[in-house]
Structure formats: structure tokens, C-alpha cells
Amino acid sequence: MNDSPADAPELFTWEFATDPYPAYAWLREHSPVHRTALPSGVEAWLVTRYEDARQALADTRLSKNPAHHDEPAHAKGKTGIPGERKAELMTHLLNIDPPDHTRLRRLVSKAFTPRRVAEFAPRVQELTDHLIDNFIEEGSADLIHDFAFPLPIYAICDLLGVPREDQDDFRDWAGMMIRHGGGPRGGVARSVKKMRGYLAELIHRKRENPGEDLISGLIRASDHGEHLTENEAAAMAFILLFAGFETTVNLIGNGVYALLRNPEQRERLQRSLDAGESGLLETGIEELLRYDGPVELATWRFATEPLTLGGQRIAAGDPVLVVLAAADRDPERFTDPDTLDLARRDNQHLGYGHGIHYCLGAPLARLEGQAALATLLRRLPDLRLAVEPTDLRWRGGLIMRGLRTLPVEFGPGLRCGESDTLSTL
């Protein structure tokens with residue numbers, strides 16, 4: 001803590017995005033609760049040690065509601081998801097505290113029970129095989145564009161009740177959000193606006209003709225005294241889509257890349273799967289979440305009163321960002337934290353958060369991640385990088401961590417599906 005700010009590593013550059021872990025190690029040791037200017041110009045506290053991170057994630061004095069941000073004029077609208085304020089999509093789980101958070105989470109949690117997720121497993125496997133069928137005969141693919149990105153989009157659209165004929169529109173809007181995630185906020189805001197307009201229309205259609213999907217369930221709840229407004233229903237559908245696809249894109253992309261960079265661990269997993277075992281796949285997904293997880297920083301929190309965190313005094317109204325990627329490599333908590341060990345047992349990582357805001361969709365993301373990795377290793381056993389690791393580019397951005405592309409090569413294989421378009425599935 002004696003080092004001057006001048007000694008601190010440079011954060012949020014393109015070089016940092018490629019490998020942020022050395023910088024996070026410096027912060028953990030020298031400035032574990034560190035005030036910095038973000039690329040947007042907003043100043044915030046970064047929390048990097050595991051114990052401090054776990055405490056912050058559960059601290060009720062750190063609110064999720066942006067109304068508690070003591071934001072200067074230049075920071076207006078620069079926290080949260082671009083465009084959500086104008087589109088009236090603010091009342092979702094990432095922006096609210098109890099009791100509203102408790103009420104809305106209870107309504108939507110029914111869609112993510114272990115039983116419901118297990119019932120959805122055949123559909124996830126069907127999507128996984130279909131997407132691989134689309135490129136398996138080519139001998140090469142971009143695993144982000146061709147596989148990791150569309151899989152969770154189509155899965156969450158099915159859960160929400162977005163008709164198949166409309167799902168490619170959602171894929172386009174989501175793609176724009178990913179492409180612009182680290183650049184101009186206008187591209188994301190335009191996609192959010194289009195998505196908001198579509199969701200308003202879909203909610204109206206579902207009210208007239210409900211089904212067994214999640215949006216219909218939210219409407220039924222609002223019609224039976226749960227006091228869910230149309231804005232709340234739209235915001236809930238929006239955040240489930242937004243949070244439910246990009247985290248899984250990055251889990252699959254980062255996970256495959258980590259396996260390709262650690263061939264002994266990949267071969268170990270492949271042997272386990274060939275033997276019909278699932279244990280290493282289950283612990284392996286948790287380790288990939290810890291080692292290079294999809295969410296680099298937890299979403300925004302704001303101090304509602306002065307507090308002390310990690311020995312640092314934080315003023316009321318200050319933004320606090322918990323750096324999950326740094327906490328999950330803390331050597332005070334994890335043995336050999338920079339080593340990928342798919343069999344790691346004591347692995348209470350923070351990849352999906354902690355406390356009342358623990359990721360609601362974590363069971364679905366785990367299902368999709370396990371299906372994706374197991375099926376890729378089974379059907380493309382000689383999968384390999386098609387470029388040098390130094391040629392890969394990571395998407396800029398504050399919250400998520402993911403590759404822009406992941407070009408791979410493999411021996412061409414056989415399709416296992418008969419259909420050529422998702423509309424026939």
C-alpha cells in the first residue's frame with residue numbers, strides 16, 4: 001500500500017485486455033481497493049482481493065440502484081447498459097435492491113430451477129449438434145461466430161418464448177451489442193431500442209395468446225396480483241436475454257481457448273469423456289469459470305453511506321466495481337491460482353457472483369457450457385487453433401471478458417443432423 005499511484009500498471013488498454021492478470025496481481029498486492037478513472041471518465045473503486053470481493057458482493061450498503069450514484073455531470077448515463085435508461089428498461093435485477101429485487105427474482109426464478117433446466121437439456125443438445133453440423137464438413141470455423149454466440153441466443157430465445165421466425169432478429173441485435181461493447185455506446189443503444197420495441201409488441205401478443213414460456217409466465221404473474229408492470233416485464237425479459245447470452249458466449253469461447261492452450265488438461269478431459277464419465281466435465285466447467293471467466297468485473301454497485309472496504313474509506317455515492325477475475329486468482333484463496341486444474345475441488349469461485357445477486361441463470365449457463373465442450377471434444381477430437389495466440393483479439397469493454405473471434409481447424413467430420421436451418425428444428 002506504500003507504492004505511489006505512478007507505480008500502478010496501466011489499466012483498460014488493448015494490451016491489458018489480452019492479459020489483465022499481471023495487473024490484477026499488482027493491485028491485489030499493492031492497492032487491493034483501488035480508485036481509478038475508467039475509459040468512460042467515470043471514477044470508481046476496483047476491489048481485487050477475494051475476501052474483500054466476497055464481502056462487497058454481499059454488503060447491503062452497496063446498492064445496485066444507479067440512483068445512489070453521486071455522479072458528476074460528465075458521467076451522466078455512463079454506468080450500466082447503454083440505452084437502457086432511454087428505453088425504460090432500468091427496472092431489472094441488475095439495477096434494483098430489495099424488496100423489489102426479491103419480488104422480481106422470485107417471479108423469474110421458477111424458470112431456472114434444476115428441474116426446469118434439466119428438462120431443457122435435450123433442446124440444448126439439439127442446438128449444439130445442429131450448429132456443429134453447419135461447419136463440421138468444412139474443416140474450419142470461427143467458434144465464436146459459428147458456435148459460442150448463436151447457441152445461447154437461440155436457447156434463451158426459446159426459454160423466453162421468442163418465436164423461431166423472430167430469433168434471427170435477436171441474433172442480429174445481440175451481435176451489434178457484442179461488436180460495440182467496448183466502443184461507441186451508440187451502437188449498443190440502437191440495439192437496445194430495437195429490442196425494447198420488439199419486446200413491447202411480443203408482450204402484447206403473449207397477453208392475447210399466452211404459452212408455457214417465461215414471458216407468458218411474467219404476464220400471468222402481473223395479471224394475478226404480483227404487481228409486475230409492463231416496463232418491469234420488458235426489462236426482465238431484456239436483462240435475461242442480455243445477461244443470459246453474453247456470459248455463455250464467453251464461457252464457451254474462453255473455455256475452449258483455455259483448453260487449447262493447456263493440451264494436457266484438454267487430453268485429460270477428452271479421456272474422461274471417452275470413458276463415459278461426467279465428473280471431470282463438471283469440475284472442469286467450474287475451473288474454467290475461475291481461471292478465465294466470462295465476467296471480468298461484477299456489475300455496478302454504489303455506496304449508500306460511507307464505509308470501509310479492504311482498509312479503504314469509500315464515500316457515499318461512490319461507484320464500486322468488484323473485479324471477479326482478480327479475486328478468482330487470489331493466491332490467498334486458491335492454490336496455484338494461475339494454473340488450470342480441471343479437477344480442482346475447493347473451488348468456491350465468484351464467477352457467477354455471490355449473495356442475493358448471484359447469477360440466476362447459472363444452472364442454464366453450466367448446462368450450455370458442459371454440452372458445448374463435451375460435444376466439441378467428442379465430434380472434433382483434433383480441434384486446434386488456426387492462428388497464433390498473439391493474433392487473437394479480446395473485445396474491449398468493462399464488464400465482460402471474451403474473444404472477438406476464435407478461428408479453429410479440425411479434420412472434417414460427418415453431420416449428425418438432417419436439417420439445414422434452425423427453423424426446422
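Positions are given from 1, in the same order as the sequence printed here.
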task = Not counting sequence neighbours, which residues clear ring pair (Phe, Tyr, Trp, His ring centres under 6.0 Å) with Tyr352? List them please.
result = none
query = Going by an N to O cut-off under 4.0 Å, is there a salt bridge joining Arg290 and Asp330?
reply = no
query = Would you call Arg35-Asp318 a salt bridge at under 4.0 Å N-O?
reply = yes
query = Got more than 12 heavy atoms from elsewhere within 6.0 Å of CD, Glu264?
reply = yes
request  = Among Arg123, His130, Gln125, find the residue that satisfies the side chain to side chain contact (heavy atoms under 4.5 Å, CB included) test when tested with Leu127.
outcome  = Arg123
4.5 Å side-chain heavy-atom contact, Thr48 and Trp26 = no
ask   = How about Leu269 and Leu377: do any of their side-chain heavy atoms sit closer than 4.5 Å?
value = yes
query = Mind checking whether Phe245 and Phe170 have ring centres under 6.0 Å apart?
reply = no
ask   = Any side-chain heavy-atom pair from Leu340 and Arg261 closer than 4.5 angstrom?
value = no
task = Please identify each residue that fulfils side chain to side chain contact (heavy atoms under 4.5 Å, CB included) with Ala343, with sequence neighbours left out.
result = Arg268, Leu280, Asp341
query = Is the Tyr291-Phe334 ring centre distance short of 6.0 angstrom?
reply = no
query = Mind checking whether Leu289 and Leu251 have side chains closer than 4.5 Å, heavy atoms only?
reply = yes
